[in-house]
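Notes follow once the structure below has been shown.
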There are 4 protein chains.
Amino acid sequence: MGVKERREREREQRKSQILDTARTLLLEKGLNATSINQIAKRSELSVGSIYFYFKDKEELFAALQVEGLELLYQTILRTVDQEALPEEKIRSIALAYLHFSEEHKNYFDIINYFLTSPKTIFPPDLKNKIDSHGNASILTLTSAIREGIEQNNFKPVDPRRQAVILWGVFQGMIQLKKLENTILADIGHRALYMEAVELFLDGLRIRNQ
Amino acid sequence: MGVKERREREREQRKSQILDTARTLLLEKGLNATSINQIAKRSELSVGSIYFYFKDKEELFAALQVEGLELLYQTILRTVDQEALPEEKIRSIALAYLHFSEEHKNYFDIINYFLTSPKTIFPPDLKNKIDSHGNASILTLTSAIREGIEQNNFKPVDPRRQAVILWGVFQGMIQLKKLENTILADIGHRALYMEAVELFLDGLRIRNQ
Amino acid sequence: MGVKERREREREQRKSQILDTARTLLLEKGLNATSINQIAKRSELSVGSIYFYFKDKEELFAALQVEGLELLYQTILRTVDQEALPEEKIRSIALAYLHFSEEHKNYFDIINYFLTSPKTIFPPDLKNKIDSHGNASILTLTSAIREGIEQNNFKPVDPRRQAVILWGVFQGMIQLKKLENTILADIGHRALYMEAVELFLDGLRIRNQ
Amino acid sequence: MGVKERREREREQRKSQILDTARTLLLEKGLNATSINQIAKRSELSVGSIYFYFKDKEELFAALQVEGLELLYQTILRTVDQEALPEEKIRSIALAYLHFSEEHKNYFDIINYFLTSPKTIFPPDLKNKIDSHGNASILTLTSAIREGIEQNNFKPVDPRRQAVILWGVFQGMIQLKKLENTILADIGHRALYMEAVELFLDGLRIRNQ
DNA sequence: TATGAATGAGATTTCATTCAT
DNA sequence: AATGAATGAAATCTCATTCAT
């Protein structure tokens with residue numbers, strides 16, 4: 001039994017060793033320019049070994065995406081003060097996502113890539129894995145909204161729907177960063193981002209008359 | 001004299017003939033799987049000829065993007081009833097963008113690609129061309145918002161800022177379509193999209209008490 | 001008649017305009033990387049025009065070589081003091097060739113290229129033209145040696161043979177410059193070059209006992 | 001253990017098999033006209049395989065050059081009679097180089113190519129390898145000269161400097177062979193070559209009065 | 001004379017993947 | 001488990017040259 005466990009452990013180590021390299025290369029050269037051969041050379045493993053641990057290139061990069069989603073989730077968890085007001089929580093999550101997109105640009109890019117790339121249809125099991133990890137972050141939003149409703153601060157909306165919408169807003173707004181030097185030259189990106197968040201909070205809030 | 005003009009005309013025709021083929025392939029196989037070789041073969045030209053008309057692959061696809069932005073703009077123009085209320089205009093534009101993303105999926109994908117792809121740094125002149133075309137559509141939003149403010153229906157916000165935010169919302173929400181079969185399985189995408197728009201309008205509107 | 005002459009003049013101007021561009025590109029990118037298309041673009045002429053003035057790429061570059069040989073000859077003429085002693089003349093010519101190889105590196109490279117490249121067989125007429133231009137420089141050496149013999153300073157060798165040998169020595173020694181950073185790291189190239197020349201002068205000189 | 005060694009051996013065999021083909025093509029068509037594609041086809045390997053064994057075209061041809069330098073060195077070693085007088089040794093080496101340039105014209109051309117081509121900057125490690133191989137041949141000259149000095153037949157010159165000069169003379173004189181049919185039409189090339197060598201020896205020799 | 005569109009072969013290089021060992 | 005040689009298709013891009021206008 002000890003043997004089996006050790007094997008399992010080693011297997012996991014190898015896997016993350018490969019993922020480490022893949023991640024680094026991804027950051028350096030982008031998704032398309034990162035090849036299995038390069039990963040093999042850099043990680044001092046053989047090409048064959050990589051194919052032993054990952055069915056194909058797609059599976060490897062999907063694993064990285066799961067990693068990214070997990071990291072995002074952890075970041076959010078760490079950021080959100082459980083004692084804070086629902087509004088504050090939502091703001092924190094928004095900022096956490098923005099920070100994540102800036103500080104873990106590579107992860108953000110890969111998440112983004114699979115979200116926006118026209119083709120790429122994952123096999124169902126992989127897809128589920130990815131979705132459940134993605135869902136986790138959205139759930140934090142859902143909870144915050146539900147909480148706000150329960151405390152009579154938010155209108156009685158469907159928390160999950162609003163959470164998804166907010167998530168879409170985050171996503172769309174962050175992407176605008178690319179236009180910072182042209183269309184947005186005269187508008188600060190971060191201020192704009194937060195303005196969007198406030199707008200939606202405003203719509204959510206129950207106004208006391 | 002006539003010769004020069006005819007040549008010029010033929011040149012333009014060839015160019016759009018190439019773009020036609022490229023566009024078709026793009027639709028069929030996606031950006032990454034579309035190669036110059038294929039475009040050449042399909043358009044019954046030599047590879048060299050493609051390179052005679054376009055400096056490189058990037059220039060070709062950028063041209064396609066400009067085309068897409070232009071088409072989007074025209075679609076919006078056609079859709080928006082100049083007589084309608086500002087709110088209605090905004091709804092129309094939102095729907096126009098959604099339709100565009102569905103009916104001209106290939107164009108939407110290519111616009112999206114260049115917006116979200118991590119790398120891709122265009123030469124400045126190309127970038128400006130692209131941005132100015134993109135700006136056109138945002139301007140329609142800006143006008144509608146400004147109109148609403150002038151008619152005392154909207155709060156006195158900065159119309160351009162709100163327009164950009166709204167644009168980001170469109171963009172982010174449309175991308176969620178990809179999750180239709182998983183995270184959004186129980187939520188209709190189109191309804192959600194319009195709900196986001198209404199939310200935004202709600203925030204903008206001056207409430208008469 | 002005036003018409004004919006003007007035409008002739010214009011023809012020559014066009015030709016050297018093309019050569020100017022070709023030369024510049026040659027200097028920038030080397031022989032192999034310089035294409036007719038580039039020359040056309042840079043010289044603001046059409047590809048067709050270049051082929052009107054030059055039969056093919058080889059002829060164009062051979063013309064450049066003739067130019068180079070001519071320039072070398074002029075340089076030597078300018079350098080050599082007609083009143084100086086034969087020995088001095090030879091030293092001057094040696095230095096002139098070294099300088100030429102340094103200051104007109106592009107010309108030297110192209111001369112060198114055609115001299116050392118394995119294949120390249122020029123059509124006879126072109127070959128003769130090149131040779132006669134090359135000969136001119138060697139003739140200056142021949143004269144100096146003959147003079148030295150007549151003045152009883154040099155042994156009664158065959159002046160032309162010695163001239164050709166000397167020329168070969170120049171050529172071989174100059175090429176060693178490439179090894180300056182490795183094999184010759186500890187040996188100054190120029191000093192070595194002049195040492196070789198002195199060695200041969202030494203062999204040529206009649207020693208008075 | 002045996003497996004590893006066999007693999008290593010096979011690897012080396014493949015490598016020289018590729019080099020064989022490359023060499024042959026080089027001889028047939030010249031450096032510039034020899035493409036990786038052709039090498040692959042001729043050696044009945046895939047293009048990819050060539051790139052498995054050699055990083056790029058340059059590395060392949062540099063390997064050929066090293067081969068050539070090595071062969072030259074061996075030729076010299078075989079030619080030079082260790083018992084002979086220093087003068088004789090130098091003559092032998094001179095002749096050996098001339099023969100080498102005639103009989104292994106392809107190797108000579110490739111050595112020559114890298115020596116004279118304007119650009120070509122090798123990565124340092126490759127450069128060192130090449131230089132050390134080139135050095136070997138020069139060292140035989142150095143030894144012969146030093147020997148002559150020790151035997152009081154040669155003037156007390158710096159043996160290494162003289163060796164390098166002599167090498168340059170060989171190189172330059174051999175290149176003149178190209179002019180055999182024009183400038184040198186009336187002068188035998190080989191005789192001229194040896195005359196240059198004698199001239200050099202003459203300068204080196206101590207004259208007994 | 002001059003143009004410039006067109007060619008098509010060919011260059012170098014990279015890639016994901018397989019499979020015998 | 002792990003290796004790494006081999007593949008071969010495909011990708012992007014360049015080039016000298018021709019020829020109808």
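A note on names: the letters A, B, ... follow the listed sequences, proteins ahead of strands, and every chain is numbered from 1. Because the structure is a prediction, the values reported are computed rather than measured. Below, each value reflects all heavy atoms present in this structure, side chains not excepted, and no hydrogens, waters or symmetry copies.
- For B:Glu70, there are no salt bridge (charged side-chain N to carboxylate O under 4.0 Å, His left out) partners at least two apart in sequence or on another chain.
- Between A:Thr34 and A:Phe61, some side-chain heavy-atom pair lies under the 4.5 Å cut-off.
- What separates CD1 of B:Ile18 from P of E:dA6 is a distance of 8 Å, to the nearest Å.
- In DNA chain F, stems built from 3 or more consecutive Watson-Crick or G-U wobble pairs, each with both distances under 3.5 Å, span E:2-21 with F:2-21.
- If you take CZ of B:Phe54 and P of F:dT12, they are 15 Å apart, rounded to a whole angstrom.
- If you check every strand for non-hydrogen atoms under 4.0 Å, D:Phe52 touches a base.
- Atoms CG and OG, on B:Asp20 and B:Ser43 in that order, are 10.0 Å from each other to the nearest 0.5 Å.
- Counting heavy atoms from C-beta on, the side chains of B:Ile18 and B:Lys15 never come closer than 4.5 Å.
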Could you walk me through whether D:Arg23 and D:Tyr107 pass the side chain to side chain donor-acceptor pair (under 3.5 Å) test, one step at a time?
-> CA-CA 8 Å; D:Arg23 198 184 313 120; D:Tyr107 277 127; 2.4 Å; yes
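- Counting any heavy atom pair closer than 4.0 Å across all strands shown, B:Ser35 reaches sugar-phosphate atoms only and no base atom.
- Distances shorter than 4.0 Å separate some side-chain N or O of D:Arg11 from OP1 or OP2 on F:dA5.
- Taking atom CD of B:Glu59 as the reference point, atom C1' of F:dT12 lies 15 Å away to the nearest angstrom.
- For E:dT1, neither phosphate oxygen OP1 nor OP2 lies less than 4.0 angstrom from any side-chain nitrogen or oxygen of C:Arg14.
- Atom C1' of nucleotide E:dA16 and atom CZ of A:Phe61 are separated by 12 Å, given to the nearest angstrom.
- Computed from coordinates, the B:Ile50 CD1 to E:dG4 P distance equals 20 Å when rounded to whole Å.
- Shortest non-hydrogen contact noted between B:Ser46 and B:Ala40 is C-CB, 4.0 Å.
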Produce the list of close N/O pairs, under 3.5 Å, pairing protein atoms with atoms of nucleotides 17-20 of chain F; give distances to one decimal.
unit_1 : atom_1 : unit_2  : atom_2 : d
F:dT17 : OP2    : C:Tyr51 : OH     : 2.9
F:dT17 : OP2    : C:Lys57 : N      : 3.3

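- Between the P atom of E:dG4 and the CD atom of C:Glu44 lies a distance of 11 Å, rounded to the nearest Å.
- Nearest-nucleotide positions on DNA chain E place C:Ser49 closer to the 5' end than the other of A:Thr34 and C:Ser49.
- Between C:Gln17 and C:Leu45 there is a side-chain heavy-atom pair separated by less than 4.5 Å.
- Inter-residue side-chain proximity for D:Glu12 and D:Glu8 is flagged as met; some heavy-atom pair is nearer than 4.5 Å.
- Salt bridge annotation for D:Arg9-D:Glu5: absent, with no cationic side-chain nitrogen under 4.0 angstrom from a carboxylate oxygen.
- Counting to the nearest Å, the P atom of F:dA2 and the NZ atom of A:Lys15 are 13 Å from each other.
- An OP1 or OP2 oxygen of F:dT7 is reached within less than 4.0 angstrom by a side-chain nitrogen or oxygen of D:Ser46.
- Remark: D:Arg6 is not in phosphate contact with E:dT21, judged by side-chain N or O atoms under 4.0 Å from OP1 or OP2.
- Across the protein-nucleic acid pair, B:Leu45 atom CG and E:dG8 atom C1' stand 12 Å apart, rounded to whole Å.
- Among E:dT1, E:dA6, F:dA5, the nucleotide with an atom closest to any side-chain atom of D:Tyr53 is F:dA5.
- Taking 4.5 Å as the limit, every side-chain heavy atom of C:Leu19 sits out of range of all side-chain heavy atoms of C:Tyr53.
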